[in-house]
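Chain identifiers are assigned alphabetically (A, B, ...) following the order of the sequence lines, protein sequences preceding nucleic acid strands; residue numbering begins at 1 within each chain.
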There are 2 protein chains.
Amino acid sequence: MNDTSTRSIAETAELTGLTAHTLRYYERIGLLDPVDRGPDGRRRFRDADLAWLGFLTRLRVTGMPIRDMRKFAELRRAGDVTTPARLELLSRHRDTVRRRITDLADCLDALDSKIDHYRTLITSTTSRS
Amino acid sequence: MNDTSTRSIAETAELTGLTAHTLRYYERIGLLDPVDRGPDGRRRFRDADLAWLGFLTRLRVTGMPIRDMRKFAELRRAGDVTTPARLELLSRHRDTVRRRITDLADCLDALDSKIDHYRTLITSTTSRS
DNA sequence: GTATGAATTAGAGCGCGCTCGAACGCAAGC
DNA sequence: GCTTGCGTTCGAGCGCGCTCTAATTCATAC
């Protein structure tokens, strides 16, 4: 198995940062279409699989629940006619992510204030001793 | 029980956005110091409890694991001498949050590209039909 | 005095997203 | 031919952060 255009599960795990276990899990729950198999019955991941995994990873990093990713994968399988639905799903998710970012930024400001406060405490204590 | 300076668990839940269950849970696991009780044995939350809960909520929103919050609570109980340690913990967390925000922003850019791509597809399809 | 409603406790259960274990298959290298 | 290593499947288990149930207590309203 030295086909340069496909990769074993170990190579794919390495490239995607996922574990082999997770890759099988993703296929099992329908996030991945059934992956091609070599003559020995082992999985061979194609470039398209890698690209799709990269996209899934971005969705996951941005906190999309797996059930929504499955919905997206399902739409994709259903073909071009679902493009508007996919756009809709993605747009909603983007809005969620934006809100998440501003929430984080707001909390970060509060954290910074708290940190400044602690620094002040330490500095005044230190100078007094 | 109409003490204006303390609140029942229901009022506290309302004010913090947490449930009464969660408030008891937080106390149980040591995120909250044992809450004062009224003469009837029920919890009475003081202003300081509210402020602390607000802070905890910010830590939670920014994804701090409960075990770290417990660590922080423990340091706080140990008094002023732990100020440097708390500052350290908080500073580390802030760095984590910053990284998280940039990660999200990067993913958001990728999502935006994907969305633009989908929009292009739809527009060209629509104009052709 | 009885019904209602808010609180209490201890402990079980849940949804999520993996993560791991067991038992097995198969091919290559010694 | 036997070990090594990488893969397979099925299904159980786990860590997290709650979330809920059951049984009980107590104060107030009627």
Side-chain angles (χ1 to χ4, degrees), chain A residues 1-3 6-32 34-46 49 53 55-73 93 96 100 103 107, chain B residues 1-3 6-46 49 52-53 55-73 93 96 100 103 107:
Chain A
M1 278 307 104
N2 276 324
D3 188 337
T6 66
R7 280 148 300 279
S8 72
I9 197 166
E11 290 163 337
T12 307
E14 175 72 19
L15 287 168
T16 58
L18 301 165
T19 69
H21 281 304
T22 302
L23 289 170
R24 291 190 204 100
Y25 166 68
Y26 278 6
E27 180 176 352
R28 205 162 63 202
I29 65 172
L31 279 188
L32 258 52
V35 177
D36 290 350
R37 302 298 178 119
D40 56 356
R42 296 180 178 190
R43 289 177 182 78
R44 301 302 309 177
F45 289 82
R46 298 177 304 112
D49 295 324
L53 283 167
F55 180 61
L56 285 180
T57 294
R58 266 193 282 278
L59 294 182
R60 195 203 46 186
V61 166
T62 50
M64 180 184 282
I66 280 189
R67 93 186 71 92
D68 291 356
M69 297 193 214
R70 289 177 67 173
K71 179 70 186 166
F72 195 94
H93 180 58
T96 304
R100 179 103 191 92
D103 286 353
C107 281
Chain B
M1 278 302 106
N2 276 322
D3 187 337
T6 66
R7 279 149 299 280
S8 72
I9 198 166
E11 289 162 338
T12 307
E14 175 72 18
L15 286 169
T16 58
L18 301 166
T19 68
H21 281 307
T22 301
L23 288 170
R24 291 191 204 100
Y25 166 68
Y26 278 5
E27 180 176 350
R28 207 161 63 201
I29 66 172
L31 280 188
L32 258 52
D33 291 340
V35 177
D36 291 350
R37 302 299 178 117
D40 56 354
R42 297 180 179 191
R43 290 176 182 79
R44 302 301 310 175
F45 290 82
R46 298 178 304 113
D49 296 324
W52 174 242
L53 283 167
F55 180 59
L56 286 180
T57 295
R58 267 192 282 279
L59 294 182
R60 194 203 47 185
V61 166
T62 50
M64 181 183 283
I66 279 187
R67 94 185 70 91
D68 291 357
M69 296 192 215
R70 290 177 67 174
K71 178 71 185 166
F72 195 94
H93 180 58
T96 303
R100 179 101 193 93
D103 286 353
C107 280

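When the C1' atom of D:dC6 is taken as reference, atom CD1 of A:I9 falls 10 Å away, rounded to whole Å. Taking atom CZ of B:R43 as the reference point, atom C1' of D:dC26 lies 15 Å away to the nearest angstrom. The distance between atom CZ of B:R42 and atom P of D:dT25, rounded to the nearest whole Å, is 13 Å. Computed from coordinates, the A:I29 CD1 to C:dC18 C1' distance equals 9 Å when rounded to whole Å. Taking atom OH of A:Y25 as the reference point, atom C1' of C:dC18 lies 6 Å away to the nearest angstrom.
Position along DNA chain D of the nearest nucleotide to B:Y26 versus B:H21 favours B:Y26 as the more 5'-ward residue.
Rounded to the nearest 0.5 angstrom, B:T12 OG1 and B:R46 CZ are separated by 11.5 Å. Separating the CG atom in B:L56 from the CG atom in B:L32 is a distance of 6.5 Å, to the nearest 0.5 Å.
Contact annotation: side chain of A:R67 to base of C:dC16, donor-acceptor pair absent below 3.5 Å.
When side chains are defined from C-beta on, A:L59 does not count as touching A:D68, because their heavy atoms never get closer than 4.5 Å.
Using a 4.0 Å heavy-atom distance criterion, A:R60 is classed as a sugar-phosphate-only contact. Across all strands, B:S8 comes closer than 4.0 Å only to sugar-phosphate atoms, never to a base (heavy-atom distances).
Using a 4.0 Å cut-off between charged nitrogen and carboxylate oxygen, A:R7 and A:E14 do not count as a salt-bridge pair.
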